[in-house]
Amino acid sequence: MNYKKLWKLLIDRDMKRTDLRKDAGISSSSLAKLGKDENVTTDVLLRICNTLDVDLNDIAETVQEEEETLETGTVARRSHGTSHRGASMSRVD
């Protein structure tokens, strides 16, 4: 995951990260994880969405670089930098 959209949104709204932390009721460690594009709980993401009145795809996007093995045993790659709704899989032989 990356949260570039979240940081851009905060800039657009002239809001500081500490303001978001207080308003959304999230911990300093969760905010630090977001700043490093690390995983946080769904609850944290939903609190942020509710506080900012946005959808998840407005603050985060998935970025997967590792190959994933499908149930059929074939290998697939996810497109880089797509939102969670727009993730696409392509077959690799």
Side-chain angles (χ1 to χ4, degrees):
M1 282 285 214
N2 82 43
Y3 303 100
K4 291 177 185 176
K5 290 180 175 183
L6 172 60
W7 309 130
K8 183 180 180 324
L9 184 64
L10 292 182
I11 291 168
D12 292 345
R13 294 188 182 190
D14 196 28
M15 188 175 190
K16 296 179 179 149
R17 291 181 184 205
T18 54
D19 296 332
L20 175 65
R21 184 183 63 77
K22 291 175 187 174
D23 293 349
I26 61 174
S27 68
S28 298
S29 63
S30 290
L31 188 63
K33 286 180 181 182
L34 289 165
K36 295 185 247 177
D37 289 340
E38 293 179 0
N39 292 331
V40 294
T41 65
T42 306
D43 181 60
V44 167
L45 295 174
L46 292 177
R47 285 178 184 222
I48 292 170
C49 288
N50 289 335
T51 298
L52 298 175
D53 193 28
V54 296
D55 291 324
L56 181 59
N57 62 344
D58 295 325
I59 64 166
E61 60 183 2
T62 58
V63 177
Q64 290 220 338
E65 297 182 31
E66 306 92 41
E67 294 181 345
E68 296 180 357
T69 303
L70 301 175
E71 290 178 341
T72 61
T74 59
V75 176
R77 292 186 189 180
R78 286 190 182 253
S79 299
H80 300 277
T82 60
S83 72
H84 71 286
R85 291 183 186 176
S88 62
M89 300 289 281
S90 59
R91 190 176 171 137
V92 178
D93 294 321

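Fair warning: this is a prediction, and the values are worked out from it, not measured in the lab.
Taking Ser29 as the reference, Ser27 meet the side-chain hydrogen bond (donor to acceptor under 3.5 Å, both in side chains) condition, with sequence neighbours excluded. Qualifying salt bridge (Lys or Arg N to Asp or Glu O under 4.0 Å) partners for Asp12, counting only residues two or more places apart in sequence or in other chains: Lys8. Annotation: side-chain contact (heavy atoms from CB on, under 4.5 Å) contacts of Lys16 (sequence neighbours excluded): Thr18, Asp19. Residues that satisfy the side-chain contact (heavy atoms from CB on, under 4.5 Å) test with Asn50, not counting sequence neighbours, are absent from this structure. Take Thr51 and apply the side-chain hydrogen bond (donor to acceptor under 3.5 Å, both in side chains) test, not counting sequence neighbours, and it matches no residue.
Put simply, SG on Cys49 and CG on Asp55 are 7.0 Å apart, with the number rounded to the nearest 0.5 Å. With values rounded to the nearest 0.5 angstrom, Ile26 atom CD1 is found 9.0 Å from Thr41 atom OG1. Separation of atoms CD1 (Ile59) and NZ (Lys4) is listed at 15.5 Å; rounding is to 0.5 Å. Leu34 contributes atom CG, which lies 6.5 Å from atom CG of Leu45 (distance to the nearest 0.5 angstrom).
Judged as a salt bridge (Lys or Arg N to Asp or Glu O under 4.0 Å), the pairs with a partner in residues 20-49 (not counting sequence neighbours) are, in order, Asp43-Arg47.
Put simply, the residue from Val40, Val63, Thr62 that forms a side-chain contact (heavy atoms from CB on, under 4.5 Å) with Met1 is Thr62.
In terms of heavy atoms, Lys5 sits closest to Asn57 at NZ-O, 2.9 Å. Annotation for Arg17 and Leu31: closest pair O-CD2, 3.6 Å, computed over non-hydrogen atoms. Contact record, Leu52 with Met15: CD2-SD, 3.7 Å, taken as the closest heavy-atom pair.
Under a hydrophobic-cluster definition in which Ile, Leu, Val, Met, Phe, Trp and Tyr are linked whenever side-chain heavy atoms come within less than 4.5 Å, directly or via other members, Ile48 and Leu46 are assigned to different clusters.
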